[in-house]
Amino acid sequence: MPDIYMIGVVIVLALCFDFINGFHDTANAIATCVATRALSPRVAIIMSAILNFVGAMISTGVAKTIGGEIVTSPHMVDSVVLAAALASAILWNLFTWRIGMPSSSSHALIGGVIGAVIISYGTGAIHLAGVLTIVLGLVCSPVVALVMGYILMTLLYLVFRNVGKSRVNYVSTHIQILSAALMAFSHGSNDAQKSMGIITLALLSGGYIGALEVPWEVKVACALAMCFGTSIGGWKIIRTVGNKIFRMQPVNGLAADLNSATIIFTATMLHLPVSTTHVVTGSIMGVGWAKRFRAVHWSVAYQMVSAWVMTIPCTAAIGAFVYLVIRHIY
């Protein structure tokens, strides 16, 4: 198979990953506003799809991090490695979506890249400092989200302590529409760039571009793919994130959305890929904890953490296996 065809396969797989990421991670942007009934599911999905697209167009810093910080040299990552990594991430996303368990598309993609690179070039090809920086951001972000969610919710309880519950819910419901929009925008600004980085890396390794700069056509294609995926909606995950972790009132949803949007957008500006799933879930846990510790269904949280811990090792193994299969055929 000529290299140009293999690069074409990578581009198709990357867009498929973005599409699946859209409906797999739709819950990140809209679960809270649907759970609190600030927006109807249909309106929430349409709003999220549009703002995911807009958010995906604002920056390419995360894409460059994904494309240049995992391996010692971008030119070492050929189209077969990228195809194996994407196939691994897609399979994992479909599996976790099927069972209704939120998981990190970021972890899945990075795990797939690591597994495929190690099996093809050895451990020396991994840029350890870059991987540690990425993993540190992925691991720390939910912890930061939990702590900040707790603090923000505690502050809101203090602000509204002398206001009637019905009035608080009325005001929070209307403000939450804006906070949900910010969440959708920040989700697109971080998540769509992961596929942009992979496609750009494929074009660079094939000699079709001269530097690790994301072409505007790649930006538009990835943004559209995520937008279309978001419009489908991942209802099983929406129910898990929106209802099974903590039974939210509008003021809780407002705090969770504002907290998540702030953390994700800050990470985007710092060019750090983070798991929007982890950040949103951490925010919801922190907000629930501020009400009382037992208000959070920690057993559901434990199941999610288990899935998170398994993601990178599992996708790395799948990525390595898929690489060997493709090499055998190719």
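Worth knowing before you read on, the calculation uses all heavy atoms, side chains too, and leaves out hydrogens, waters and symmetry mates. Just so you know, these numbers come straight off a predicted model, no measurement behind them.
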L86 and I126: same hydrophobic cluster, using ILVMFWY side-chain contacts below 4.5 Å?
yes
When hydrophobic residues are tied together by side-chain contacts of less than 4.5 Å, even through go-betweens, does V117 share a cluster with V9?
yes
Counting N and O atoms only, with roles assigned by atom type, does the side chain of N259 sit under 3.5 Å from a partner on the main chain of A145, one being a donor and the other an acceptor?
yes
Distance (rounded to the nearest 0.5 Å) between L13 CG and I20 CD1:
9.5 Å
How far does CD1 of I198 sit from CG of L15, to the nearest 0.5 angstrom?
12.0 Å
Between T262 and M148, does the side chain to side chain contact (heavy atoms under 4.5 Å, CB included) criterion hold? Intermediate values first, please.
CA-CA 10 Å; T262 301; M148 294 304 296; over 6 Å; no
Checking S88 against T315: is there a side-chain donor and acceptor pair closer than 3.5 Å?
no
Hey, could you give me the CZ/CG distance between F265 and L182, rounded to the nearest 0.5 Å?
9.5 Å
Is it the case that one hydrophobic cluster holds both Y5 and Y208, taking links as side-chain heavy atoms less than 4.5 Å apart, direct or via other members?
yes
Surrounding CZ of F160 (heavy atoms of other residues, nucleotides or ligands, distance under 6.0 Å), is the total greater than 12?
yes
Nearest heavy-atom contact between A83 and V10 is N-CG2, 3.9 Å
Exercise: identify the closest heavy-atom pair between D18 and A225
CB-CB, 3.8 Å
Going through the checks in order, is the side chain to side chain contact (heavy atoms under 4.5 Å, CB included) test met by W92 and T311?
CA-CA 8 Å; W92 184 257; T311 297; 3.2 Å; yes
NZ (K219) and CE (M196) are apart, to the nearest 0.5 Å, by 6.5 Å
Is the shortest side-chain heavy-atom distance between T281 and P142 below 4.5 Å?
no
Check whether any side-chain heavy atom of N93 lies under 4.5 Å from a side-chain heavy atom of F17, and answer yes or no.
yes
Heavy atoms of S283 and S260 approach each other most closely as OG-OG, 2.9 Å
Counting C-beta onward and ignoring hydrogens, is there a side-chain heavy-atom pair between C222 and I199 closer than 4.5 Å?
yes
Cluster link I118 to V80, ILVMFWY, side chain under 4.5 Å:
yes
Got V143 and C140 here, is their nearest side-chain heavy-atom distance under 4.5 Å?
no
Yes or no on side chain to side chain contact (heavy atoms under 4.5 Å, CB included) for V144 and I263, after CA distance, side-chain angles and deciding distance?
CA-CA 8 Å; V144 172; I263 292 172; 4.1 Å; yes
M153 to A255 - nearest heavy-atom pair and separation:
SD-CB, 3.7 Å
Going only through I, L, V, M, F, W and Y residues with side-chain contacts under 4.5 Å, is there a path from L94 to V12?
no
Under 6.0 Å from the OH atom of Y170, do we count more than 12 heavy atoms belonging to anything else shown?
no
Checking side chain to side chain contact (heavy atoms under 4.5 Å, CB included) for the pair I326/M6: CA distance, chi angles, key distance, verdict?
CA-CA 10 Å; I326 294 175; M6 200 64 212; 3.9 Å; yes
Quick one: pull up CG in L203 and OG in S79 and give me the separation to the nearest 0.5 Å.
10.5 Å
For the atom pair CZ (F19) and CZ (F228), what is the distance rounded to the nearest 0.5 Å?
9.0 Å
Note, I119 side chain near F321 side chain (heavy atom, < 4.5 Å)
no
If you look at every heavy atom in S172 and P250, which pair is closest and at what distance?
CB-C, 3.6 Å
Heavy atoms of A290 and T154 approach each other most closely as CB-OG1, 3.8 Å
Report the C-alpha distance between Y323 and R327 in whole Å, list the side-chain angles of each, state the deciding distance to 0.1 Å, and finish with yes or no for side-chain hydrogen bond (donor to acceptor under 3.5 Å, both in side chains).
CA-CA 6 Å; Y323 175 86; R327 272 299 179 203; 3.1 Å; yes
